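FYI, side chains are in, hydrogens and waters are out, and symmetry mates aren't considered; it's all heavy atoms of this structure. Note that this is a predicted model, so its numbers are computed, not measured. The first residue in the sequence is number 1, and the count goes up from there.
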Amino acid sequence: DIARISELNDISDDGDALIFGACVTHAAIEDRKVPDASGGMMPAIARGIAYRAVRNKGTIGGSLVHADPAADWITTLTALGSQALVSGPQGERTIALDQFIRSAFDTVLTDDEILIAVRVPKLSNNARWGFYKFCRKTGEFAETMSAIVVDPERGVTRVVIGATNSHPIVVSNAEKLISVPEMVNDVIAESKLVDDIYEVQAHRVSFRRALQQVLSE
């Protein structure tokens with residue numbers, strides 16, 4: 001069990017970001033037993049993952065390498081601008097999380113690499129965020145989700161739509177989408193990652209509800 005490797009449970013601070021070992025559990029983040037770089041976003045997300053028994057054992061790294069498109073951390077950490085720290089026989093490399101997931105259950109990791117940590121940039125005190133997901137039953141993977149991070153002090157605006165048929169949709173012109181929410185239909189259509197009318201509507205609703213959270217703060 002790699003969870004017994006102490007280095008994979010470490011938390012470090014490099015000044016601009018917190019680095020979470022891959023085996024840090026959802027519950028540790030939920031209970032704030034580890035520092036928070038996200039202004040409360042990560043603890044809130046962790047609290048909504050599956051059931052407490054799952055959160056006690058499930059890890060942030062395990063969720064990412066499993067690469068289920070409907071998993072909460074993939075969408076959330078991409079919206080936070082996080083990076084995957086990977087190690088293998090050829091050394092270590094850093095991969096932007098929006099480049100880490102290739103498709104459903106498929107990452108850019110090679111067969112001899114492991115994810116050792118996740119680097120999460122610190123949000124400023126004035127940053128705002130929104131997250132909304134829909135599950136038919138509590139504890140199930142989401143049918144739709146959206147994550148939004150707006151941090152004017154750092155010049156950051158990110159919108160990520162998750163739970164697609166493949167990797168998350170990272171909106172390239174997030175500022176304009178927030179100003180003109182109706183554009184979300186075009187964003188979803190252009191991605192070609194959602195092909196069902198019901199799913200398109202569900203993603204549109206999840207985006208607007210995440211945006212409402214950002215605008216209401």
Common cluster, F20/V86, ILVMFWY with side-chain heavy-atom separation under 4.5 Å: yes
Reported CD-to-SG distance for the pair E143 and C135, which is rounded to 0.5 angstrom: 8.0 Å
ILVMFWY network linking I188 to V170, side-chain heavy atoms under 4.5 angstrom: no
Side-chain heavy-atom pair V184, I161 within 4.5 angstrom cut-off: yes
Validation row: T164, S191 side chains within 4.5 angstrom (heavy atoms): no
Backbone N/O of P181 and side chain of R208: donor-acceptor pair under 3.5 Å: no
Residue pair D98, T78: steps toward the side-chain hydrogen bond (donor to acceptor under 3.5 Å, both in side chains) verdict: CA-CA 6 Å; D98 58 7; T78 298; over 6 Å; no
Euclidean distance, W73 CH2 relative to L80 CG, rounded to 0.5 Å: 8.5 Å
From CA spacing to verdict: side chain to side chain contact (heavy atoms under 4.5 Å, CB included), D72, S63: CA-CA 8 Å; D72 300 52; S63 176; over 6 Å; no
Trace of the side chain to side chain contact (heavy atoms under 4.5 Å, CB included) decision for K133 with T75: CA-CA 10 Å; K133 70 174 181 178; T75 296; over 6 Å; no
Heavy-atom side-chain contact between S38 and P43 under 4.5 Å: yes
Heavy-atom closest pair, residues F131 and A147: CD1-CB, 3.9 Å
4.5 Å side-chain heavy-atom contact, F134 and S206: no
Test item: L193 and H167 side chains (from C-beta on) under 4.5 Å apart, heavy atoms: yes
Shared hydrophobic cluster for I169 and I178 (ILVMFWY, side-chain gaps under 4.5 Å): yes
Backbone N/O of S82 and side chain of R119: donor-acceptor pair under 3.5 Å: no
Neighbour count above 12 (heavy atom, 6.0 Å) for D196 CG: yes
Contact summary for E199 and N165, nearest pair of heavy atoms: OE1-OD1, 4.1 Å
Polar side-chain atom of T25 near backbone of A28 as donor-acceptor pair, under 3.5 Å: yes
Contact summary for P152 and R128, nearest pair of heavy atoms: CG-NH1, 4.3 Å
CD/Q90: more than 12 non-hydrogen atoms of other groups inside 6.0 Å: no
Nearest non-hydrogen partners of A67 and I101, listed with the distance: CB-CD1, 3.8 Å
Over all atoms of both residues, closest heavy-atom pair of N56 and A27: OD1-CB, 3.5 Å
Distance in Å, M41 CE paired with L77 CG, rounded so as to fall on 0.5 Å steps: 8.5 Å
Single-linkage hydrophobic cluster, 4.5 Å side-chain cutoff, V200 and L211 together: yes
Chi angles and distances behind the side chain to side chain contact (heavy atoms under 4.5 Å, CB included) call for I74, L64: CA-CA 6 Å; I74 291 174; L64 292 176; 3.9 Å; yes
Distance (rounded to the nearest 0.5 Å) between I2 CD1 and R4 CZ: 12.0 Å
Backbone of A127 reached by a side-chain donor or acceptor of E153 within 3.5 Å: no
D31 and R52 ion-paired at < 4.0 Å: yes
Flag side-chain contact, heavy atom, 4.5 Å: D68 against F105: yes
Side-chain (N185) to main-chain (R204) donor-acceptor, under 3.5 angstrom: no
Exceeds 12 heavy-atom contacts within 6.0 angstrom, atom CG of D1: yes
Full working for side chain to side chain contact (heavy atoms under 4.5 Å, CB included) between V34 and M42: CA-CA 11 Å; V34 297; M42 289 179 65; over 6 Å; no
From CD (E113) to CD1 (I95), nearest 0.5 Å: 6.0 Å
Side-chain heavy atoms of I19 within contact of D14, under 4.5 Å: yes
Close side-chain approach of V65 and F100, heavy atoms under 4.5 Å: yes
Over all atoms of both residues, closest heavy-atom pair of D10 and V24: O-CG2, 4.4 Å
Straight-line distance of E190 CD to S172 OG, nearest 0.5 Å: 8.0 Å
Short side-chain to backbone donor-acceptor contact, S146 and F207, under 3.5 Å: yes
In one Ile/Leu/Val/Met/Phe/Trp/Tyr side-chain cluster, 4.5 Å: L97, L85: no
Whether K122 side chain and L18 backbone form a donor-acceptor pair below 3.5 Å: no
